[in-house]
Amino acid sequence: MANFNKVILIGNLTRDPECRTFANGGKVAKFGFAVNNRKKNSQTGQWEDEPMYIDCEAFNRGENGTLANIVEQYCRKGSQICIEGRLKLDQWDDKTTGAKRSKHMILVDTVQLLGAKPDGQSSGPRQQGSAPSNQMTRAASEPNESYDDQDQDQGKSGGEIPF
């Protein structure tokens with residue numbers, strides 16, 4: 001039987017990305033991510049947001065990899081993005097109790113900016129040295145044809161994520 005590990009989520013950053021550079025020149029951007037699940041409260045009849053929080057890591061991979069750089073430069077706490085990646089189980093021993101601990105996280109392959117553009121950016125064609133387009137992948141030269149501008153508008157939820 002075949003296995004398939006792919007996650008696509010639209011949500012908001014819960015904190016600014018934290019970046020670390022490796023001795024070999026590689027880089028990782030770690031950030032918190034939240035997605036709202038809406039459910040109806042059976043007692044009040046009101047719709048409520050139930051946020052789900054998950055840690056994410058984006059790496060610069062290969063000679064042309066720039067994903068961690070893009071996350072560091074253009075994503076901030078509250079930024080709405082679409083991420084595509086795969087689940088990873090992170091396991092460790094708790095230093096204080098010695099107990100085994102684990103959590104699921106997402107290794108990000110693709111990031112797409114969905115929120116409003118920062119002030120001063122035009123919506124016209126990209127010029128050399130300007131901010132990248134809304135569609136970004138591991139390598140800036142790889143187009144992400146999975147989403148277009150119409151999908152961005154449809155993916156926005158009405159619920160707010162508390163931070």
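Atom set for the values below is all heavy atoms of this structure, side chains included, hydrogens, waters and symmetry mates excluded.
Contact of the N12 side chain with the F33 side chain is not registered, since no non-hydrogen atoms from C-beta on lie closer than 4.5 Å. In this structure, I81 and I10 have side chains that are not in contact, with every pair of non-hydrogen atoms separated by 4.5 Å or more. Side-chain contact between K27 and E72 is present, with at least one heavy-atom pair separated by less than 4.5 Å. Looking only at side-chain heavy atoms (C-beta outward), V35 and P51 stay at 4.5 Å or farther from each other. Looking only at side-chain heavy atoms (C-beta outward), Q46 and Q43 stay at 4.5 Å or farther from each other. Taking the side chain as every heavy atom from C-beta outward, V108 and F59 never approach each other to under 4.5 Å. For the pair V111/C82, no side-chain contact is recorded, criterion being any heavy-atom separation below 4.5 Å from C-beta on.
The heavy-atom pair separating A58 from V71 by the smallest distance is CB-CG2, 4.1 Å. Nearest heavy atoms, G45 versus K40: O-CE, 3.1 Å. In terms of heavy atoms, I106 sits closest to L9 at CD1-CD1, 3.5 Å. Residues R15 and F31 come closest through the heavy atom pair NH2-C, 3.7 Å.
One finds no salt bridge joining D16 and K30 here, because no Lys/Arg side-chain nitrogen approaches an Asp/Glu carboxylate oxygen to under 4.0 Å. Salt bridge status for D93 with R101: absent, with no side-chain N to carboxylate O gap under 4.0 Å. The pair D55-K88 does not meet the salt-bridge criterion, since no charged nitrogen lies less than 4.0 angstrom from a carboxylate oxygen.
Put simply, the side chain of D94 gets close to the backbone of T96: a donor and an acceptor are under 3.5 Å apart. In this structure, D90 contributes its side chain and S102 its backbone to no donor-acceptor pair below 3.5 Å. Listed for the N5 side chain is no donor-acceptor partner under 3.5 Å among the backbone atoms of R86.
M105 and Y53 are not part of a single hydrophobic cluster, where members link through side-chain heavy atoms under 4.5 Å apart. Under the 4.5 Å side-chain heavy-atom criterion for grouping Ile, Leu, Val, Met, Phe, Trp and Tyr, Y74 is connected to L13 within one hydrophobic cluster. The cluster map of Ile, Leu, Val, Met, Phe, Trp and Tyr, joined by side-chain heavy atoms under 4.5 Å apart, puts L107 and F22 in the same cluster.
With sequence neighbours left out, the side chain to side chain donor-acceptor pair (under 3.5 Å) criterion links E48 to N41.
In this structure, CD in Q80 is found 10.5 Å from CG in L113, a value given to the nearest 0.5 Å. Interatomic distance, CD1 of I54 versus NE2 of H104, reported as 8.0 Å (0.5 Å rounding).
For N24, the CG atom sits in a packed shell: over 12 heavy atoms of surrounding residues, nucleotides or ligands are nearer than 6.0 Å.
Residues N37 and D49 bring no donor and acceptor atom of their side chains to less than 3.5 Å of each other.
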